[in-house]
There are 2 protein chains.
Amino acid sequence: MSAARPLRVDAERNRQRILEAARTLFAERGVDVSVDDIAAAAGVGIGTFYRRFPDRESLVEAVFATKLDRIVEAARAALEIEDPWEAFRTYVMTVSRMHAGDRGLKDVMLSTDRGREQVTAFRATIQPLAGALIERAKAAGVLREDISPFDIPLIHQAVGAIADVTRDCSPDYFERTLTLLVDGLAQQRTAPTPMSAPPLSVDQFLTIMARRR
Amino acid sequence: MSAARPLRVDAERNRQRILEAARTLFAERGVDVSVDDIAAAAGVGIGTFYRRFPDRESLVEAVFATKLDRIVEAARAALEIEDPWEAFRTYVMTVSRMHAGDRGLKDVMLSTDRGREQVTAFRATIQPLAGALIERAKAAGVLREDISPFDIPLIHQAVGAIADVTRDCSPDYFERTLTLLVDGLAQQRTAPTPMSAPPLSVDQFLTIMARRR
DNA sequence: AGAAAGCGGAAGCACTCCCTCCAGTTCCGT
DNA sequence: ACGGAACTGGAGGGAGTGCTTCCGCTTTCT
């Protein structure tokens, strides 16, 4: 199906530029960035955009296909870890960090639009993997029993939401929320896991609370 | 200053209807609801809205003034509790529940627009109260030492964000996220705090992940 | 060099939102 | 019970935003 003649070099270069710009903008500002902004960031005209992609949605799909794959890889990698808690914790933290670093990922996971098949397929793949991580940790008595597999995506959402608010000002802040949540997931715990990011300064706090739209 | 002649009865009734409609809509959909929607929900025309309020922002201020007061009350009430952990925990949970029940509250706390003075005054009031709750719990060795006062508002934001996503489908779900976070805040813990809400069903999960905009 | 492919961006279309204006209606004091 | 002040509804002005099409000009490739 893709046996069509290859794109002219300038066309291919522009296509890559658009994908690159979209990756950046989707990560920084979510999937709702306008086509005009993406074209501008890519240094091409809007006309060029619509010659390379049939519509906006196709671009979204193209950008996030690879991201979803990386989450699956993270789950597979975590399953290689022997210690059940380490494995589970690594998975949750790795995926949370992906969400924290990419505002668009949350949007796509919650989307109803096209790319739905993509996301549905992704979920079918990830569920048994994440399920295995959870079961293993529960069986070892290190993960609280009352956790459902469906709680995990919402933990990612929570961490992502905090990252959305704090990203501009203190890009690592979300690690603190993540640490709290993961500590809350443990069956028991004698001491807190050390925080890997400092608290907000007064200035950072005020800046965050006075964010522009 | 408010010694002006009282409003005509129909005018006062409409004013109350608008405030009531705004309270509901801000809670359900955030502060960005349009004036048209508020007027329609109140059963009045837009013209009437603009005769009662100089502009949209004034309505926002009027609605949230009382809400911010209630948060301060919650802090004062929590300070009455003897047990330092119970006091701290009650404050965090009460305010988180307010955020969970009112989408607009998060928006207002993060606003840069008017109402800023209002929010600034609120913060000046709440900070010493919340600070006392935190210090007391740390001194008693029940709250982790690495928590900063500025972490608390972000916990509220995280819970609120989860409530935004799950509200339609499972209005109590946020309690689970809240439980995890509060368990994560404890200095140590031998068993998980029981969840006060059930996990999502498959249907609920899929509905949430396919939300309409 | 000529044709095919590609380019930029103006402009059309379809929203959405805040707010003003005013002809018609309701209330209230006398 | 009546006259005028207060109030009402909603059409429409003005300003934006976003997606997509179109087309005269440019670049690439053979």
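Letters A, B, ... are given to chains in the order of the sequence lines, protein chains preceding strands, and every chain is numbered from 1. Hydrogens, waters and symmetry mates play no part in the numbers below; they use all other heavy atoms, side chains included.
- Proximity of A:N14 to the phosphate of C:dG6: no side-chain N or O atom is located under 4.0 Å from OP1 or OP2.
- No donor-acceptor pair closer than 3.5 Å links the side chain of A:E61 to the backbone N or O of A:Q118.
- With sequence neighbours excluded, no residue forms a side-chain contact (heavy atoms from CB on, under 4.5 Å) with B:V9.
- The distance between atom CG of A:D10 and atom C1' of D:dT27, rounded to the nearest whole Å, is 6 Å.
- Remark: P of D:dT8 and CZ of B:R15 are 12 Å apart, rounded to the nearest angstrom.
- Aromatic ring pairs are classed by plane angle as parallel below 30°, tilted from 30° to 60° and perpendicular above 60°; the pair A:H99 and A:H156 is parallel.
- Between B:L7 and B:F49, the residue anchored closer to the 5' end of DNA chain C is B:F49, taking for each the nucleotide with the nearest heavy atom.
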Open item on the list: Apply side chain to side chain contact (heavy atoms under 4.5 Å, CB included) to residues A:L180 and B:I147 and explain how you reach the verdict.
Closed with: CA-CA 10 Å; A:L180 290 181; B:I147 283 296; 4.2 Å; yes
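- With D:dT20, C:dC27, D:dT8 as the candidates, the nucleotide lying closest to the side chain of A:D55 is D:dT20.
- For B:E12 and C:dC27, the CD to P distance is 14 Å, given to the nearest whole Å.
- The CZ-C1' distance, from B:R8 to D:dA5, rounds to 8 Å in whole Å.
- When the P atom of D:dT27 is taken as reference, atom CZ of A:R51 falls 16 Å away, rounded to whole Å.
- With 3.5 Å as the limit, one finds no donor-acceptor pair spanning the side chains of B:D69 and B:T66.
- Summarising the geometry, the separation between CZ on B:F53 and C1' on C:dT20 is reported as 18 Å, rounded to the nearest angstrom.
- The phosphate of C:dT20 has neither OP1 nor OP2 within less than 4.0 Å of any side-chain N or O from B:Y50.
- One finds a salt bridge joining A:E175 and A:R97 here, because a Lys/Arg side-chain nitrogen approaches an Asp/Glu carboxylate oxygen to under 4.0 Å.
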Sort me out a list of protein N/O and nucleotides 10-17 of chain C N/O pairs below 3.5 Å, or just none if empty.
none

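- Rounded to whole angstrom, the span from the CD1 atom of B:I38 across to the P atom of C:dC18 amounts to 8 Å.
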Inset, instruction - Applying side chain to side chain contact (heavy atoms under 4.5 Å, CB included), run through B:Y91 and B:I152 and close with a yes or a no. - result: CA-CA 10 Å; B:Y91 171 69; B:I152 309 300; 4.3 Å; yes
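- Using a 4.0 Å heavy-atom criterion, one finds that A:R52 contacts the sugar-phosphate atoms exclusively.
- Across all strands, B:R13 comes closer than 4.0 Å to no nucleic acid atom at all (heavy-atom distances).
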